[in-house]
Amino acid sequence: MKFEIARARMYYARALRGVPMLSPDARLPVQLSLDAYGKILDKIEENGYDSLTKRAYVGKWEKLAGVPASWYRTLEIANVFPLPGDWGRPTLEDYEKELAGMLENNMKLSHHERVRTSATSDYLHSLNK
């Protein structure tokens with residue numbers, strides 16, 4: 001599950017690069033979605049990666065409270081003056097390194113354990129070609 005969350009965060013980081021390329025009217029909904037789904041990943045981590053017996057969700061009030069921050073992130077000034085919570089935000093390269101490290105550790109596992117995750121690993125490798 002850690003690998004899947006790291007992979008999702010990598011995709012979100014890739015998508016963040018594209019938000020400024022969207023028309024101004026489309027930026028806020030996309031940014032809101034990225035922020036809300038990122039919070040769901042945080043909730044899964046807070047639940048100890050248990051997504052089967054515990055529901056990971058972001059309530060409507062929490063989403064609503066995040067609108068101003070998401071809106072600010074769509075502005076060009078946010079690149080110069082990021083929000084305090086964004087200062088230490090990992091980059092796309094950080095997520096890619098994390099995934100590469102996870103894949104390396106996976107190679108050290110037994111054959112039985114590797115078979116379980118080989119499809120995901122193959123898919124990730126195909127993305128980097």
query = Do E62 and K43 pass the salt bridge (Lys or Arg N to Asp or Glu O under 4.0 Å) test, and can you show the C-alpha distance, the side-chain angles, and the key distance before you say yes or no?
reply = CA-CA 12 Å; E62 189 175 354; K43 301 286 184 179; 3.4 Å; yes
task = With the side chain counted from C-beta on, respond yes when D42 and R9 share a heavy-atom pair under 4.5 Å apart, and no when they do not.
result =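 Yes, at least one pair of side-chain atoms sits under 4.5 Å.
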query = Do V58 and Y37 come close enough that some side-chain heavy atom pair is under 4.5 Å?
reply =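 No, every pair of side-chain atoms sits at 4.5 Å or beyond.
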Using every non-hydrogen atom in the two residues, find where [X] and [Y] come nearest and quote the distance to one decimal.
X   : Y   : value
G38 : Y12 : N-CE1, 3.8 Å
L28 : V67 : CD1-O, 4.5 Å
P82 : W87 : O-NE1, 3.1 Å
R27 : P20 : NH2-O, 3.0 Å
P29 : D25 : CD-O, 3.6 Å
A69 : L83 : CB-CD1, 3.7 Å

Ion pair [X]/[Y], N-O distance below 4.0 Å:
X   : Y   : value
E96 : R14 : yes
R55 : E46 : no
R89 : D94 : no

inquiry  = Test side chain to side chain contact (heavy atoms under 4.5 Å, CB included) on W71 and L32; report intermediate values, then the result.
reply    = CA-CA 8 Å; W71 170 77; L32 281 167; over 6 Å; no
With hydrophobic residues grouped by side-chain heavy-atom distances under 4.5 Å, do [X] and [Y] end up in a single group?
X    : Y   : answer
I44  : L34 : yes
L75  : F81 : yes
L103 : Y11 : yes
F3   : L92 : yes

Spacing of [atom1] belonging to [X] relative to [atom2] belonging to [Y], to within rounding of 0.5 Å:
X   : Y   : atom1 : atom2 : answer
D35 : L16 : CG    : CG    : 7.5 Å
N79 : R73 : CG    : CZ    : 12.0 Å
N47 : Y57 : CG    : OH    : 10.0 Å
K39 : K63 : NZ    : NZ    : 10.0 Å
I5  : E45 : CD1   : CD    : 4.5 Å
L41 : M1  : CG    : CE    : 9.5 Å

key: R17 and E93: CA distance, side-chain angles, deciding distance, salt bridge (Lys or Arg N to Asp or Glu O under 4.0 Å) verdict   = CA-CA 12 Å; R17 288 183 168 181; E93 292 76 20; 2.7 Å; yes
